[in-house]
Amino acid sequence: MTLKTVSEKGLRSFQDARFGMFIHWGLYSLLGRGEWVMHWERIPVAEYERLAPRFNPSRFNADEWASLASDAGQKYLVITSRHHDGFSMYDTTLSDYKVTRTPFRRDPLAELANACARRTDLKPGFYVSVLDWHHPAYRFREQSGLAWADYLAFLHGQVRELCTGFGDVACFWFDGDWPRQALDDTNRHFAAGGSFEYGTLYDLIHTLQPDAVIHNNRHAQPLPGEDVQGFEQDLPGENSAGFNTLATYGLPMEVCMTMNDNWGVHTADDNHKSTRRLLHTLVRCASLNANFLLNVGPTAEGDILPVHAGRLRQIGEWLRVNGESIYAVRAGTVTTPDGVSTRRGDVHYVHALNYGADRVYLDHVPDTVLRASLLAGGRALNLREAGGRRYVVVPAERRDPLATVIKLE
Ligand code: FHN
């Protein structure tokens, strides 16, 4: 079987988007101790299920989340349709363990997809955990008498629902299959009962949603049909999280990252990254041909934490002035000691991220470049040369404390 891939149009628009919002939201949000709370605290299935009758996020407003993403300059959002806890956050016909069977009764994925459809600048994407700590055909085949094929029918059936019920989807984001993970007595139930039949699954998506890219967070070499190579909590080439030992394989890339240290809301986690650090990560991603999918973990009431919303809005303010250097660009070729660059054709954008001195040195400037200017405001800069090296001087009062962009054309 020849595997399909995403359409050229879909891949281009995904890459052009560069910045997305990741949303981890589910029953675990009620406990406020991260999305792995069921596993870390060894909460039995029957006890965890008792969270469902408590789920009623009265302050959830899909248009507000969509408009925050838009204010941040994000072009797509990816929300957990079902995380490892097995609870479906949409009105699936394939399980009763779902959000529409809680007091909330509403379908947040449908509301978010509709909120995106009302705008022109945002598309929805869906996170799907292939690992399921709850499903009887994944974890409890012996007791339930179900077969692995029953789980596959559920997984593939849910993906079909997500492909057909929510309009245009930007991406499918799979998680929970970590081929290099060591198993022991605490996590033996993570092991799949057979193949996930990715070939069939990916062809289903590429047929029903030809413009949707497929990302599978396998922490391993991408398989045929996967359109994007992912990096979790690290830039390509870095490995602070321990997952990212891989080479890059020439595919478009996406980096996903938490704002603090957890994906799902954690009330004791105040280790929020600064706006500057988050923005620099976005800029560095763009300079490496990678998208940046920045996570928020909303509360069980349906609020995105104000501290996260604030950082998103600050990034958005910077993007409103400097977005030309981030959207629809590709990896840069000009180099600079204290920053990075992006490029669109013969136009180069150099991001001065840290100032060691007045001069911003520019190396590998192609001959096509005749002038330099500040992207913010358009003021011309003299393109000078000393000792065979090009440089510009950016006056202190013109520097952006977050990142200054020099346009070369
Ligand atoms: O276990 C998940 C985790 O909860 C979260 O969803 C992240 C997002 O990249 N992925 C897994 C860890 O690799």
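Counting starts at 1 for both ligands and their atoms, following the listed order.
Scanning all protein heavy atoms for the shortest distance to atom 6 (O) of ligand 1 gives His24 NE2, 2.7 Å. For atom 13 (O) of ligand 1, the nearest protein heavy atom (residue, atom name, distance) is Glu232 OE1, 2.6 Å. Shortest contact from atom 3 (C) of ligand 1 to any protein heavy atom: Glu35 OE2, 3.4 Å.
The distance from ligand 1 to the heavy atoms of His219 drops below 4.0 Å at these ligand atoms: 13 (O). Atom numbering of ligand 1 starts at 1 in the shown order; those under 4.0 Å from a heavy atom of Trp178 are 1 (O), 11 (C), 12 (C), 13 (O). Each of the following atoms of ligand 1 lies closer than 4.0 Å to a heavy atom of His83: 3 (C), 4 (O), 5 (C), 6 (O). The contact set between ligand 1 and Cys256, taken as ligand atoms under 4.0 Å from a residue heavy atom, comprises 9 (O). Atoms of ligand 1 lying under 4.0 Å from any heavy atom of Tyr127, numbered from 1 in the order shown and given with element: 6 (O).
In this structure, Tyr127 and His83 have parallel ring planes: the angle between them is below the 30° cut-off, well short of the 60° mark. Between His84 and Trp178, the angle of the ring planes goes over 60°, which puts this pair in the perpendicular group of the 30/60° scheme. Classified by interplanar angle (parallel below 30°, tilted 30° to 60°, perpendicular above 60°), the ring pair His24/Trp263 is tilted. Relative ring orientation between His39 and Trp36 is described as perpendicular, the plane-to-plane angle rising above 60° on a 0-90° scale split at 30° and 60°.
Residue contact annotation: Gln233 has no non-hydrogen atom under 4.0 Å from ligand 1.
Contact annotation for Asn217 and ligand 1: only side-chain heavy atoms (C-beta onward) come within less than 4.0 Å of the ligand. Heavy atoms of Trp173 found under 4.0 angstrom from ligand 1 belong exclusively to the side chain.
Inclusion of Asp175 in the set of residues having an N or O under 3.5 Å from an N or O of ligand 1 is warranted. Taking only nitrogen or oxygen atoms, main chain and side chain alike, Trp263 does not reach within less than 3.5 Å of ligand 1.
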| task | Starting from the C-alpha separation in whole Å, work towards a yes-or-no answer on side-chain contact (heavy atoms from CB on, under 4.5 Å) for Cys285 and Phe19. | result | CA-CA 9 Å; Cys285 281; Phe19 190 26; over 6 Å; no
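With a 6.0 Å radius and a threshold of 12 heavy atoms from other residues, nucleotides or ligands, Arg399 has its CZ atom above the threshold.
Counting heavy atoms from C-beta on, the side chains of Val99 and Trp25 never come closer than 4.5 Å.
In this model, a donor atom of one side chain and an acceptor atom of the other lie less than 3.5 Å apart for Arg359 and Tyr361.
Side-chain atoms of Asn260 come within 3.5 Å of backbone N or O of Asp269 as a donor-acceptor pair.
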